[in-house]
Amino acid sequence: MAASVLEQGEDAFRKLFRFYKRRNPPPDFSNVLDFSKPETHFGKVFTTDLSTSAVSDNAAHKCGLHPVRKWKAFSLDGYPGFIFITNPFLPGTQRYWVKQCLKTYTQKPNICNLDMHMSQIETENLWEKSLPGMRLKDSVKRAPKTLLEKLRWVTLGYHYNWDTKTYSADRYTPFPNDLHALSEKVAAICGFQNFSAEAGILNYYHFDSSLGIHVDESELDHSQPLLSFSFGHSAIFLLGGLSREDPVTPMFMHSGDIIIMSGLSRLVYHAVPRIVICTNSHPVPQSLTEEFRNENPEDSIVQTVSKEDWEICEEYMQTSRINMTVRQVLKIGAVFPSEASNKRTVKGQSDAYYDNHEENGTSEIKRKKDV
Ligand SMILES: O=C(O)CCC(=O)C(=O)O
Ligand SMILES: [Mn+2]
């Protein structure tokens, strides 16, 4: 036990995690890759081809995406199977996914961190319950936290069991159609024609949040990619290797950016040590200030967000970042192994158990045995 604590305290990944998490003095960000300026990373970052014919312009548009030929996608030296797509969303459409994460996906039967210590009656309709408090926020910044502000994660589809680190047939509710459609398109564009979104973990970060070092290995089909969508303030994302001593690459994830972890990069260690609140003239990132004009609402998956809803989302997003990860759990046509064989042991370091707590005044989304 002591040895493992010592080991965790000293590995290379953990050192870098602490470095980027540090508040005083703040870290130097000059080694953080920025895919929005790929020319500054000559020899490390390469443009990568996408399947431009996998999704028609019309199908992309319905999901709020630019035509694929306009997307910018990159690979990273040393990380085969890792793809970084810089914001492919049409102006204003990111607002829709933010609203879904706050208003729609928080509804029952989806499960959230608040369900771990509150009754179902207390946590249902948490958007509506938070409205009075969120409206007050505009004028009284110190008002008590609303349920929305206490939200740290939501699970979709096969609801991840943080205790057993497994997914199972008896913890399933239908995966949202809109996010399924978006994920299917993005995966196909990256060369995964048969990807089926079966589980989602939504993470809600505030300016002082972080996400511990982990590997996502509980899915039963690692030949399928893991998709990660970011909205709101930027994050520093750390990408490591199969061992915690492997080199770690820090990179920014800005609003609208998508990461695909597949192939040899599907099971690598990663973490989010820091949220970087931009200090330009807008209270929220520029891409969230754009409005979406939906010319064909009947035919579209992505819808315009009402002014009333966006006011609440905007208030929330001033200090927040939302990340949606989408996973395929089972091989096509496969079923879960029996309960007995499902209780397999998982590598300690990759425990994916959230423990939200306030530590030294900073809120941390922590995975057990990390940090
Ligand atoms: O927030 C992120 O960018 C990463 C999220 C993540 O790694 C996860 O949910 O497994
Ligand atoms: Mn992860």
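What you see below is based on every heavy atom in this structure, not just the backbone, and it leaves out hydrogens, waters and symmetry mates.
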**Message:** For the aromatic rings, using the six-membered ring if either is Trp, is the centroid distance between F336 and Y158 under 6.0 Å?
**Reply:** yes
**Complete:** Across all chains, not counting sequence neighbours, the salt bridge (charged side-chain N to carboxylate O under 4.0 Å, His left out) partners of D49 are none
**Message:** So, using side chain to side chain contact (heavy atoms under 4.5 Å, CB included) as the criterion, who are the partners of T155 when residues are at least two apart?
**Reply:** I111, W153, H159, Y160, W162, I201
**Item:** Side-chain touch Y316/H206, heavy atoms, less than 4.5 angstrom
**Value:** yes
**Message:** Using side chain to side chain contact (heavy atoms under 4.5 Å, CB included), reason through V272 and R321 one step at a time and then give a plain yes or no.
**Reply:** CA-CA 11 Å; V272 177; R321 166 185 187 249; 4.1 Å; yes
**Message:** Tell me whether Q224 contacts the main-chain N or O of R327 through its side chain, where contact means a donor paired with an acceptor under 3.5 Å.
**Reply:** no
**Complete:** In short, G81 meets S262 closest at the heavy-atom pair O-OG, 2.7 Å
**Item:** Geometric cation-pi criterion R274 and Y20, 6.0 Å radius, 45° cone
**Value:** no
**Asked** So which pairs with a foot in residues 253-273 pass salt bridge (charged side-chain N to carboxylate O under 4.0 Å, His left out), sequence neighbours left out?
**Response** E219-R266
**Request:** For L264, check side chain to side chain contact (heavy atoms under 4.5 Å, CB included) against everything at least two apart and list the hits.
**Result:** P80
**Prompt:** With the threshold set at 4.0 Å, does a side-chain nitrogen-carboxylate oxygen contact exist between R95 and D309?
**Reply:** no
**Message:** Under the rule for side chain to side chain donor-acceptor pair (under 3.5 Å), what residues qualify as partners of E311, not counting sequence neighbours?
**Reply:** K307
**Request:** Quick one: do L102 and I312 satisfy side chain to side chain contact (heavy atoms under 4.5 Å, CB included)? Show the steps, please.
**Result:** CA-CA 9 Å; L102 294 175; I312 302 298; over 6 Å; no
**Asked** Where do R23 and D208 come nearest, in terms of heavy atoms and distance?
**Response** NH2-CA, 4.1 Å
**Message:** Can you tell me which residue among S265, S230, S228 is in a side-chain contact (heavy atoms from CB on, under 4.5 Å) with I259?
**Reply:** S228
**Item:** Residue pairs, two or more places apart or on separate chains, that pass salt bridge (charged side-chain N to carboxylate O under 4.0 Å, His left out) and touch residues 181-195
**Value:** none
**Prompt:** Would a distance-only check, ignoring hydrogens and angles, find a side-chain to backbone donor-acceptor pair under 3.5 Å from R152 to E149?
**Reply:** yes
**Prompt:** How are the rings of F82 and F35 set to each other: parallel, tilted or perpendicular (split at 30° and 60°)?
**Reply:** tilted
**Item:** Main-chain N/O of N296 paired with S300 side-chain donor or acceptor, under 3.5 Å
**Value:** no
**Prompt:** If you look at every heavy atom in V248 and P250, which pair is closest and at what distance?
**Reply:** O-CD, 3.6 Å
**Prompt:** Taking atom types as modelled and ignoring hydrogens, do the side chains of D170 and S168 form a donor-acceptor contact shorter than 3.5 angstrom?
**Reply:** yes
**Request:** For this output row, return yes or no: ring centroids of F237 and H254 closer than 6.0 angstrom.
**Result:** no
**Aromatic centroids of F231 and F89 separated by under 6.0 Å** = yes
